[in-house]
Amino acid sequence: MKHLFIASAFVVAGLMASTANAQTTSDKRPNLSVAVAAVPPTLEPAQELSNQGVRITYSMFDTLIRRDFLSSKTGDGSKLVPSLAESWKRIDDKTLEVKLRANVKFHNGEVLTADDVVFTFSPERLTGKQALLKQGPAYFGVLDKVEAIDPLTVRFTTKTADPILEQRLASWAAWVINKKDWTEHAGGKFPKFPVGTGPFKLSDYKPDETVKLVAFDDYFGGKPTAASVTFRVVPEQATRIAGLVSGEFDIATNIAPDQIAQINSYPDIEARSVVLANAHVLVYNTENPVTKDKRVRQAMNLAIDRQLLVDALWGGQAVVPKSHQFPEYGALYDDSRKGLEYNPEKAKQLLKEAGYKGEPIHYATRANYYLNAMPAGQAIMEMWKAVGINGKLDIVESTDNIPSDIRNARSWSNSIRYPDPAGGLWNLWGPFGGVQQGKDWLPVEFNKLGEELDRTSDTAKRRDVFQKMLDIWEDEAPGTILYQPLETYGVRKTLKWQPYNSYYMDLRPYNLSEEAKRS
């Protein structure tokens with residue numbers, strides 16, 4: 001079967017243009033092409049908080065502080081370095097003062113000032129309970145006020161002591177936008193294509209086809225090392241690989257582990273892989289009559305052999321975490337925690353106790369959004385069947401707005417927004433995350449503990465609170481983690497570019513260069 005797959009890739013490759021994509025401009029910088037499974041419907045960085053979104057927007061927008069993924073041995077991005085902020089300092093445990101770089105330009109020619117930063121984190125856009133971004137408070141609900149002290153100085157004040165404010169300002173939803181451009185195009189909602197300060201700016205957008213970015217040569221971090229980067233939608237993995245082999249693409253995303261050896265067999269391309277600080281998860285509707293009894297949901301979790309999924313689908317290279325926690329959490333991580341159990345006999349017993357009568361349990365997933373989503377879903381159906389669960393796999397275009405009568409389970413992924421549980425379990429499963437916003441799970445004690453996590457600065461206390469939150473999450477079983485996937489890119493060898501353990505595709509000059517011209 002594998003040989004048939006590769007053969008089909010060659011057939012497609014033969015039909016494609018064989019000229020190398022890295023044709024040079026007059027300044028000899030390459031025009032790069034990246035094959036992706038999909039592109040986002042908007043490039044507003046706070047609105048499009050998705051895997052496919054941050055891959056593109058990360059090189060269009062900057063945060064005040066940047067996570068440095070390259071200098072640490074672990075590559076976890078826990079080290080913070082200046083970005084739009086030249087420096088920052090703590091005034092007290094609730095106040096952080098940030099000094100902006102001078103003469104930073106936005107893509108529209110405007111110069112960055114403190115007013116742009118204040119607007120970026122304004123209550124109406126991001127931080128208030130009635131913010132346009134409904135998930136905004138999950139990231140910055142801790143803020144009490146953001147003030148412009150002078151044109152290049154911004155003061156952040158939190159409601160209570162927040163030990164991770166710097167990490168928040170370096171991560172998801174914190175990308176700074178231009179106030180003038182944004183307000184001119186907002187019209188009471190998020191504008192589709194706001195301008196940022198990043199090394200690349202938008203040149204062309206074709207829905208479901210391409211996003212083309214061109215170099216922004218006024219970038220404060222140095223002249224971009226590529227003239228342009230075009231993200232092309234290629235849903236089929238075989239076609240992405242074929243284009244990489246033929247030279248049409250410089251980078252191909254979402255490569256399955258069983259294709260790594262084949263890609264590495266070519267002289268001019270190679271596979272570059274990293275285990276993501278992300279987990280593929282399932283979300284259960286705790287309000288649906290069929291899945292309302294937590295014993296049914298617990299049985300669904302106990303029936304899943306996660307290590308078998310890892311071995312069969314990921315060549316043993318994905319990772320099953322110890323519950324919804326990750327080593328990046330440092331002192332708040334509990335390595336001794338038992339983790340998620342596989343126990344089919346216990347699952348059968350719980351189903352019997354719950355009085356489950358074989359009612360259909362629908363599991364919705366998208367065909368091409370998550371790598372291996374389809375085979376994982378098919379395998380889970382068999383695992384559920386083995387304990388007596390009548391699972392129904394539904395392939396959908398979107399897992400949003402599924403009718404309530406068949407909204408039992410759906411696929412999702414959880415990326416660590418910053419190396420702290422406030423940027424993981426609490427951010428994603430708390431009251432402003434998609435699960436509770438969609439009314440799939442409405443916990444009380446979990447939310448109380450999450451609020452305590454946000455307002456507690458003592459590390460030992462935060463660790464204790466977080467572990468209690470994990471206990472509740474595992475017991476109430478509003479979903480489960482499957483594994484941390486292996487993200488593999490096929491890359492032209494002469495392209496010096498390092499993937500991160502995040503979906504960020506960092507194309508800044510320090511992480512992108514050309515070793516030599518292609519022959």
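All values below were derived from every heavy atom in this structure, side-chain atoms included, with hydrogens, water molecules and symmetry-related copies excluded.
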Kindly indicate whether the side chain of [X], heavy atoms from C-beta on, has any atom under 4.5 Å from the side chain of [Y].
{"X": "Asn178", "Y": "Lys105", "value": "no"}
{"X": "Phe106", "Y": "Leu112", "value": "yes"}
{"X": "Ser228", "Y": "Leu32", "value": "no"}
{"X": "Tyr219", "Y": "Asp62", "value": "yes"}
{"X": "Asn278", "Y": "Gln484", "value": "no"}
{"X": "Ile269", "Y": "Val245", "value": "yes"}
{"X": "Met505", "Y": "Tyr489", "value": "yes"}
{"X": "Asp420", "Y": "Gln167", "value": "no"}

Are the aromatic ring centres of [X] and [Y] under 6.0 angstrom apart?
{"X": "Tyr205", "Y": "Phe193", "value": "yes"}
{"X": "Trp412", "Y": "Tyr370", "value": "no"}
{"X": "Tyr139", "Y": "Trp172", "value": "no"}

Take Asp471 and Gln467 through the side chain to side chain donor-acceptor pair (under 3.5 Å) test and state the conclusion after the steps.
CA-CA 6 Å; Asp471 291 340; Gln467 294 301 319; over 6 Å; no
Between Glu514 and Thr494: side-chain donor-acceptor atoms closer than 3.5 Å
yes
Inspect the contact between Glu248 and Arg232 and indicate whether a charged nitrogen and a carboxylate oxygen are less than 4.0 angstrom apart.
yes
Measure the CZ-NE2 distance between Arg407 and His362 for me, rounded to the nearest 0.5 Å.
13.0 Å
Tyr58 and Tyr503: CA distance, side-chain angles, deciding distance, ring-ring contact (aromatic ring centres under 6.0 Å, His included) verdict
CA-CA 9 Å; Tyr58 190 73; Tyr503 277 104; over 10 Å; no
With under 30° as parallel and over 60° as perpendicular, where do the rings of Tyr363 and Trp384 fit, or are they tilted in between?
tilted
Kindly determine whether Arg168 and Tyr418 satisfy side chain to side chain donor-acceptor pair (under 3.5 Å), including the steps that lead there.
CA-CA 7 Å; Arg168 297 182 196 272; Tyr418 29 91; 3.0 Å; yes
